[in-house]
Amino acid sequence: QVQLVESGGGLVQAGGSLRLSCAASGRTFSRYAMGWFRQAPGKEREFVAGVTGGGISTYSSNSVKGHFTISRDNAKNTVSLQMNSLKPEDTAVYYCAALRDTWPSPRVSDYDYWGQGTQVTVSS
C-alpha cells in the first residue's frame, strides 16, 4: 500500500513558477514509477510527466516539454514537478500517481495509487 500526498499548488500569474511535491509512504518507493497528471474542469485527466523508479529516465507530454521538469528523491520518498513559464491553460488539479513497474505510463488506468490532488491556478 502506498499513500501519496501532494503539496505546493496555488495561484500564480502567467509566466511564473511553482514547484509541486508529492510525499509517498512505504519502504518500497523506488519500485514504483511515478507520474504527474492534471485535470482541468470539464476535461479528462491527462499525463504530464513521468519518471522511472530509479529516477534515471524522465518523460513529459509535448504540451509541457521544456517548461516542466519531474524529479524524484528516493531517499526522501518524494517526487517533484518544477513548473516554469506557466500559462493560464496549465490551470488544473494536479495529481501524482504510483505505478508498480520500472517504467511510467501515460495511461491513467495503469496507475495503482493516486494522491488527492493539488489545485494550480494560473491567472492571465
Side-chain angles (χ1 to χ4, degrees):
Q1 189 78 9
V2 176
Q3 292 185 324
L4 304 172
V5 179
E6 302 98 335
S7 61
L11 174 65
V12 64
Q13 288 188 333
S17 299
L18 279 177
R19 185 176 180 87
L20 305 183
S21 293
C22 175
S25 65
R27 295 176 292 178
T28 59
F29 181 63
S30 63
R31 296 180 185 178
Y32 290 83
M34 298 297 295
W36 282 98
F37 290 75
R38 67 185 181 186
Q39 188 167 18
K43 295 188 176 181
E44 294 186 351
R45 194 168 297 188
E46 65 172 357
F47 175 77
V48 174
V51 59
T52 55
I56 301 300
S57 298
T58 63
Y59 307 86
S60 56
S61 67
N62 289 334
S63 61
V64 304
K65 197 163 292 184
H67 298 281
F68 291 8
T69 303
I70 188 171
S71 61
R72 68 188 294 162
D73 185 338
N74 285 344
K76 296 181 179 179
N77 278 20
T78 59
V79 60
S80 300
L81 184 69
Q82 178 66 43
M83 306 187 294
N84 299 326
S85 303
L86 283 161
K87 307 171 185 177
E89 51 264 42
D90 294 318
T91 295
V93 178
Y94 283 72
Y95 299 89
C96 72
L99 167 62
R100 184 65 187 260
D101 200 343
T102 302
W103 305 97
S105 167
R107 292 191 298 268
V108 171
S109 58
D110 285 343
Y111 285 77
D112 301 295
Y113 301 101
W114 291 85
Q116 82 289 350
T118 186
Q119 176 70 47
V120 171
T121 303
V122 184
S123 63
S124 58

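Nothing fancy with the numbering, it's 1 onward along the sequence.
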Using residues 13-21 as the side-chain source, report each donor-acceptor pair under 3.5 Å to any protein atom, sequence neighbours left out, with the distance given to one decimal.
{"from": "Ser17", "atom 1": "OG", "to": "Asn84", "atom 2": "OD1", "distance (Å)": "3.0"}
{"from": "Arg19", "atom 1": "NH1", "to": "Gln82", "atom 2": "OE1", "distance (Å)": "3.2"}

request  = Give every residue pair that meets the ring-ring contact (aromatic ring centres under 6.0 Å, His included) criterion with at least one member in residues 53-91, sequence neighbours excluded.
outcome  = none

request  = Output all residues satisfying salt bridge (Lys or Arg N to Asp or Glu O under 4.0 Å) with Asp101, sequence neighbours left out; order by chain, then residue number.
outcome  = none

request  = With sequence neighbours left out, write down each residue that passes ring-ring contact (aromatic ring centres under 6.0 Å, His included) with Tyr94, or none if nothing qualifies.
outcome  = none

task = Using modelled atom types only, decide if a donor and an acceptor are shared between the side chain of Thr52 and the backbone of Ala33 within a distance under 3.5 Å.
result = no

task = Measure from the side-chain N and O atoms of Thr118 to the backbone N and O of Gly9, and report whether any donor-acceptor pair falls under 3.5 Å.
result = yes

message = Between Thr121 and Val12, is there a side-chain heavy-atom distance shorter than 4.5 Å?
response = no

task = Answer yes or no: are there more than 12 heavy-atom neighbours, outside Arg31 itself, under 6.0 Å from its atom CZ?
result = no

inquiry  = Grouping I, L, V, M, F, W and Y whenever their side-chain heavy atoms are under 4.5 Å apart, do Val122 and Val64 come out in a common cluster?
reply    = yes

ask   = Who passes ring-ring contact (aromatic ring centres under 6.0 Å, His included) against Tyr113, sequence neighbours left out?
value = none

query = Which residues pass the side-chain hydrogen bond (donor to acceptor under 3.5 Å, both in side chains) test with Arg100, sequence neighbours left out?
reply = none

query = For residues 13-55, which residue pairs qualify under ring-ring contact (aromatic ring centres under 6.0 Å, His included), counting only residues two or more places apart or in two chains?
reply = Phe37-Phe47, Phe37-Tyr111, Phe37-Trp114

ask   = In Å and rounded to the nearest 0.5 Å, what is the CG to OG1 distance from Asp73 to Thr78?
value = 4.5 Å

task = Measure the shortest side-chain to side-chain distance between Leu81 and Met83 over non-hydrogen atoms and say whether it is less than 4.5 angstrom.
result = yes

task = Report yes if some heavy atom in the side chain of Leu4 is under 4.5 Å from a heavy atom in the side chain of Gln116; otherwise report no.
result = no

note = Residue set satisfying side-chain hydrogen bond (donor to acceptor under 3.5 Å, both in side chains) with Ser71, at least two apart, ordered chain then number -> none

request  = Scan residues 108-122 for pairs that pass salt bridge (charged side-chain N to carboxylate O under 4.0 Å, His left out), counting only residues two or more places apart or in two chains.
outcome  = Arg107-Asp110

ask   = Can you list every salt bridge (charged side-chain N to carboxylate O under 4.0 Å, His left out) pair that touches residues 46-58, not counting sequence neighbours?
value = Arg38-Glu46

key: Any side-chain heavy-atom pair of Asp90 and Val120 under 4.5 Å   = no

Partners passing side-chain hydrogen bond (donor to acceptor under 3.5 Å, both in side chains) against Ser57 (at least two apart in sequence or in another chain) = none

ask   = Got a sec, which residues hit side-chain hydrogen bond (donor to acceptor under 3.5 Å, both in side chains) with Arg27, two or more places apart in sequence or on another chain?
value = none

